[in-house]
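Worksheet for the structure shown next.
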Amino acid sequence: MSKPPPPAETNDAPTASGLAKIVADRRAKRDRLRDEFGLDPYGHRVDGIVPLRDARAAFDAQADAVFRDGENAVREAKKAGTPEDQWPTPVDDRPVVRVAGRVMQHRVMGNLIFMSLRDHTGDLQVAVSKKAVGQPWFSIAKQVDLSDIVAVQGPVGMTNTGEVTVWAEPSAGVDPQGDPLSAAGLLLLTKSLAPPPGKHHGLTDPELRYRKRYVDLHTNPDVMQTMQQRTQIIDAMRDYLRGRGFVEVETPMLQTLHGGAAARPFATHHNALDLPLTLRIAPELYLKRLLVGGMTKVFEINRNFRNEGISPRHNPEFTMLEAYEAYGSWETMADLVEDMVCTIAEQVLGTLVIEHKSDEGEVTKTINLTRPWRRASMADLVEERTGWKFDQRSITKLKEKGIQACIRHYQAWEDREAQRFYGAAEGQHLVEWTPADPGYAARVFEGLADLSPAEQLTEVYEKLVEPTLIDPCFVTRVPSVIIPLAKKCADDPYFADVYELAINGVEISPGYTELNDPEIQEQNFRQQVGDDAEKQHVDEDFLEALRVGMPPAGGIGLGIDRLVMMLTGAESIRDVILFPLMKPQG
RNA sequence: GACCGGGUAGCUCAAUCGGUAGAGCAUCGGCCUUUUAAGCCGCUGGUUCUGGGUUCGAGUCCCAGCCCGGUCACCA
């Protein structure tokens, strides 16, 4: 690569553009640190650093008051003309701390500098006084740029305006080789060469936020908090499950036969074996093999991969909890999920009433997790919401009369015939229209024409009912044809013995009474309808496992990302995933 | 994949009918020992996402493409 010739020496002012100039200025400061002050602009180990929150908590009002009184006494003695050797010595019992963080604000007031530092626990102001640190440290502090990382040692005090502040102060008689921070009072630990986002609005462009999460995290404290809460939620979940005797396991992510769900997989290849593999879409069939093997309570929290569209609720890789309990059922698992989610919410948020807020701080949605959670059949919920009474045995009637009437019904509610057909009380509005799209419900019903009754029921449920289920609701009695891995209801095999838990208008968790009859399982695999790419394959080894004998069991899946969204109020799944998938920049 | 909206200085945003691309903050220089969106004075900084086209003249209008967001489809 040939370098461009160096610019000719002229008297012209440098013509670098904004970005290039900022980087060049910062490089120059970095080089000055190295050459002029003999310092490493990328720092070294510093012991004893405490989180900024802890440093703030260390503030001692009593000691601070005594110290400030002492300083005032000195000031008065000075004013009164007392000889310097007779000035009182202020008593300073303020706690001394060592802190470090990224510089978010930098205010030079002549011979006193205030900086706001930030770490993962919050912000804290530090002050560097020329008198306290002397040269060259004051000059170095003056040159600090926004986004540099600095360390400060000194007493925790308060300013005249009441801000808790660490006042940089070297310790007397310390060997700089042994502990540079004690010797100097402050250190520049890392020079930042990149231009920081504006200090008022920060980084708001969603594209930049997701692409440069490392900037987003320290620029937007909300993001840091949400990501920390995500970790706390998962920790609480593990604690809960372990406390109930569940054992965490890891099953294959690289699979020769992907199963356990209906979704298109990511394909890959093992070179040494010349073997096509897929990334798992679900761990279900392996976890069930463990029940066959004799484990009775197992769970796995890990990533699933589905080669589907991306949306505010879908990321190609997402985190899922699956748990299985031998001798359980969908009911025992529903109890478990209900208790677990409440325990997590209490532990992490301290409340069961979750409020989602707009950027302006107004409450936009309230989710009440108070137990007991509602349990209702899918057909009942659909009828309650839309007036459509599902009847699996009157397909013709539904198709020819029902759908037409539904369409009329949703186009013009005054249609008396439609009201009579659905048995709704006069004037009763069964679906709340979305003002922006009043024709939506009618289109949903129009789209049912070519579907089977089971598909019709789930379609209406998913489009018109699920989005309205904000408080938790276990939706039961789902048509069994769409759930090949669950047992059928004993009283009506048309429905499966399962729940789908909806909270915040989305499905958070399915739970099954697991199918353990190998022959019915084989039939279900072979009878599936739909897209070949999404169909579940016949997993012969899994069938063999069932033939060996799997105890009756209950099982659940739980979408961690959606749970975190629900609990933290995030509107997009990308706001709860540190590095969501993005297309490379063009 | 379809439709709608967006892309202007490092960041956040303006730019009227198609007529000289601006502001605040940041940067750079100067003053200032209790500021905190510090303040005051002065100076910089632009391939208006990319490529074509129309026009005397395009950030603005037209066409194509790229990336982001939203809705739909698919799905959890």
Side-chain angles (χ1 to χ4, degrees), chain A residues 13-26 28-29 68 71 104-116 123-132 138 145-147 157-165 167 193-212 215 219 260-264 281-282 304-316 318-320 322 434 436-437 440 443-444 447 462-463 466 500-502 506-510 530-531 533-534 557-563 571-574 580 582-586:
Chain A
T15 55
S17 70
L19 176 58
K21 182 178 186 302
I22 288 169
V23 174
D25 288 342
R26 285 176 175 245
K29 287 184 187 174
R68 285 159 76 87
E71 281 216 308
M104 303 308 292
Q105 296 187 38
H106 186 246
R107 297 181 286 275
V108 180
M109 324 274 310
N111 292 315
L112 180 63
I113 300 167
F114 290 102
M115 296 184 234
S116 297
D123 291 6
L124 185 67
Q125 177 168 273
V126 299
V128 180
S129 143
K130 188 177 190 177
K131 193 175 160 196
F138 189 77
D145 285 314
L146 296 180
S147 289
M158 199 172 257
T159 63
N160 291 344
T161 53
E163 181 85 16
V164 173
T165 300
W167 294 85
L193 298 179
K199 62 183 180 183
H200 300 173
H201 308 92
L203 200 61
T204 63
D205 178 356
E207 180 171 0
L208 279 178
R209 288 189 41 228
Y210 300 139
R211 287 193 196 282
K212 295 185 185 290
V215 177
T219 303
R264 302 173 69 156
I281 56 174
N304 288 346
F305 306 86
R306 298 191 185 175
N307 208 338
E308 311 276 357
I310 295 176
S311 84
R313 308 208 142 51
H314 301 86
N315 196 60
F318 63 101
T319 304
M320 184 92 153
E322 286 204 16
T434 313
D437 189 2
Y440 181 66
R443 286 204 307 281
V444 169
E462 283 171 16
K463 296 280 166 59
E466 190 176 77
E500 282 185 12
L501 171 61
V506 296
E507 187 184 344
I508 296 261
S509 163
D531 186 350
E534 292 179 5
L558 191 151
I560 303 284
D561 310 280
R562 289 180 176 184
L563 177 71
E571 283 180 18
S572 169
I573 198 168
R574 296 183 194 96
M582 300 286 279
K583 269 194 185 183
Q585 272 167 311

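Residue numbers start from 1 in every chain, and the chains themselves are labelled A, B, ... in the order their sequence lines are given, proteins ahead of strands. What you are looking at is a predicted structure, and each value in this text was computed from that prediction instead of being measured.
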Name the closest nucleotide to the A/Arg562 side chain, picking from B/rA76, B/rC68, B/rC28.
-> B/rA76
Nearest-nucleotide pick for A/Lys29, side chain only, options being B/rC25, B/rG70, B/rC28 = B/rC28
Where the side chain of A/Glu308 is concerned, which of B/rC74, B/rG10, B/rC68 is the nearest nucleotide?
-> B/rC74
Using a 4.0 Å heavy-atom cut-off across all strands, classify A/Met582 as base, sugar-phosphate, or nothing.
-> sugar-phosphate
Identify which nucleotide among B/rC28, B/rC32, B/rU12 has an atom closest to any side-chain atom of A/Val108, counting heavy atoms from C-beta outward.
-> B/rC32
Side-chain donor/acceptor contact of A/Gln105 with base of B/rU35 under 3.5 Å = no
P-based separation of B/rU20 from B/rA58 [nearest Å] | 12 Å
Among the nucleotides B/rG10, B/rA26, B/rC11, whichever has the atom closest to the side chain of A/Leu146 is B/rA26
Under 4.0 Å: is that the gap between some side-chain N or O of A/Asn160 and OP1 or OP2 of B/rU34?
-> no
Picking from B/rU33, B/rG10, B/rG69, which would you name as closest to the side chain of A/Pro206?
-> B/rG69
Does a nitrogen or oxygen in the side chain of A/Arg107 sit under 4.0 Å from OP1 or OP2 of B/rG39?
-> no
Could you tell me whether A/Gly557 contacts a base, only the sugar-phosphate backbone, or nothing, with contacts defined as non-hydrogen atoms closer than 4.0 Å?
-> nothing
Is a donor-acceptor contact shorter than 3.5 angstrom present between the side chain of A/Thr159 and the base of B/rU35?
-> yes
Nearest-nucleotide comparison on RNA chain B, the residue closer to the 5′ end among A/Ser572 and A/Lys130 = A/Lys130
Donor-acceptor under 3.5 Å (A/Asn304 side chain, A/Phe318 main chain) | no
Considering only atom C1', compute the distance from B/rU48 to B/rG22 and round it to an integer number of Å.
-> 12 Å
N/O (side chain, A/Lys199) to phosphate O (OP1/OP2, B/rA26) under 4.0 Å = yes
Identity of whatever pairs with B/rU33 - Watson-Crick or G-U, under 3.5 angstrom | none
Does A/Thr204 or A/Phe318 map to a spot on RNA chain B nearer the 5' end, using the closest nucleotide for each?
-> A/Thr204
Check for a donor-acceptor pair, side chain of A/Thr165 on one end and backbone N or O of A/Trp167 on the other, with a separation under 3.5 Å.
-> no
Ignoring backbone atoms, establish whether A/Lys21 has a side-chain N or O less than 4.0 Å from OP1 or OP2 of B/rA26.
-> no
Hey, is the side chain of A/Lys583 poking within less than 4.0 Å of OP1 or OP2 on B/rC67, counting only N and O atoms?
-> yes
Look through every strand shown and name the nucleotide pairing with B/rU71 as Watson-Crick or G-U wobble, where both distances are under 3.5 Å.
-> B/rA2
Pairing partner of B/rG59, by Watson-Crick or G-U wobble and under 3.5 Å for both distances, is none
Salt-bridge contact A/Lys21-A/Asp25 (side-chain N to carboxylate O under 4.0 Å) = yes
With both distances kept under 3.5 Å, what pairs with B/rU54, Watson-Crick or G-U wobble?
-> none
Within the pair A/Arg574 and B/rG69, is there a side-chain N or O less than 4.0 Å away from OP1 or OP2?
-> yes
Among B/rU33, B/rU35, B/rG10, find the nucleotide with the atom closest to the side chain of A/Thr165.
-> B/rU35
Think A/Lys212 has a side-chain N or O under 4.0 angstrom from the OP1 or OP2 of B/rG10?
-> no
For A/Pro196, check side-chain contact (heavy atoms from CB on, under 4.5 Å) against everything at least two apart and list the hits.
-> A/Arg26, A/Leu146, A/Ser147
Would you mind pulling out the nucleotide paired to B/rA21, Watson-Crick or G-U wobble, both distances under 3.5 Å?
-> none
Using a 4.0 Å heavy-atom cut-off across all strands, classify A/Glu507 as base, sugar-phosphate, or nothing.
-> sugar-phosphate
Choose from B/rC67, B/rU33, B/rA73 the nucleotide whose nearest atom is closest to any side-chain atom of A/Lys463.
-> B/rA73
